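As structure tokens, the structure follows; a few thoughts come after it.
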Amino acid sequence: MAKGDRIYLKALREAKKDDPDNALVKELLLSSIEKNNGKAEYALATWYLEGKEVKKDLRKAFNLLQNASNKNIASANFDLAVCIENGKGTNKDSQLAFQHYLKAALLGDKQSYY
């Protein structure tokens, strides 16, 4: 089990409840991120991408996606590629986007195959 996984899994269990305490979920994700957990970084990045429970912040999302990508989180690489391809939170760069799509595909992200 990776560092911070127990805290991350606790955040997931809370998030899946019928009436989740999203403040607790965010707190748990941040705690897991402090332990260098890439899955928690990716989860929180998706919140910032969509503006879910936090103010939408593409730059913050991009930074979290980069960190998760460096930890080989397949979905983070895909979302990072989309951000780079479309200039969300960063400058557009089709070659760099391609590299992240390829990395995501090699890590098993099925969306990246297309």
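Numbers for residues simply follow the sequence, beginning at 1. None of the values given here were measured: they were computed from a predicted structure.
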Shared hydrophobic cluster, [X] / [Y] (ILVMFWY, side-chain heavy atoms < 4.5 Å):
X: Leu30; Y: Trp47; result: yes
X: Leu12; Y: Ile33; result: yes
X: Leu64; Y: Val82; result: no

Where do [X] and [Y] come nearest, in terms of heavy atoms and distance?
X: Leu29; Y: Ala11; value: CD2-CB, 3.9 Å
X: Lys103; Y: Asn72; value: CE-OD1, 3.1 Å
X: Tyr48; Y: Lys55; value: CD2-O, 3.5 Å
X: Ala76; Y: Ser69; value: CB-N, 4.0 Å
X: Gln111; Y: Phe78; value: OE1-CE2, 3.4 Å
X: Asp21; Y: Glu14; value: N-OE2, 2.8 Å

Look up atom [atom1] in [X] and atom [atom2] in [Y], then write down how far apart they are to the nearest 0.5 Å.
X: Asn36; Y: Asn70; atom1: CG; atom2: CG; answer: 10.0 Å
X: Lys26; Y: Ser31; atom1: NZ; atom2: OG; answer: 13.5 Å
X: Asn77; Y: Gln66; atom1: CG; atom2: CD; answer: 10.5 Å
X: Ser94; Y: Gln99; atom1: OG; atom2: CD; answer: 10.0 Å

Can you tell me if [X] uses its side chain to pair, donor with acceptor, with the backbone of [Y] under 3.5 Å?
X: Asn86; Y: Lys88; value: no
X: Ser32; Y: Gly4; value: yes
X: Thr90; Y: Gly87; value: no

Does Glu50 have more than 12 heavy atoms from other residues, nucleotides or ligands lying within 6.0 Å of its CD? no
Sidechain N-carboxylate O distance under 4.0 Å for Glu41, Lys71: yes
Taking atom types as modelled, find out whether Glu85 and Tyr101 have a side-chain donor-acceptor pair closer than 3.5 angstrom.
yes
Grouping ILVMFWY residues whenever side-chain heavy atoms fall under 4.5 Å, the cluster of Leu49 otherwise contains Tyr42, Leu58, Phe62, Leu65, Ile73, Leu80, Ile84, Leu96
Using a 4.5 Å side-chain heavy-atom cut-off and chaining through intermediate ILVMFWY residues, the residues clustered with Leu106 come out as Phe98, Leu102
Exactly one candidate in Leu24, Asp5, Leu28, Val25 meets side chain to side chain contact (heavy atoms under 4.5 Å, CB included) with Lys10; the answer is Leu28
- Just do the side chain to side chain contact (heavy atoms under 4.5 Å, CB included) check on Thr46 and Lys52 with the steps written out, would you? CA-CA 8 Å; Thr46 63; Lys52 177 186 177 188; over 6 Å; no
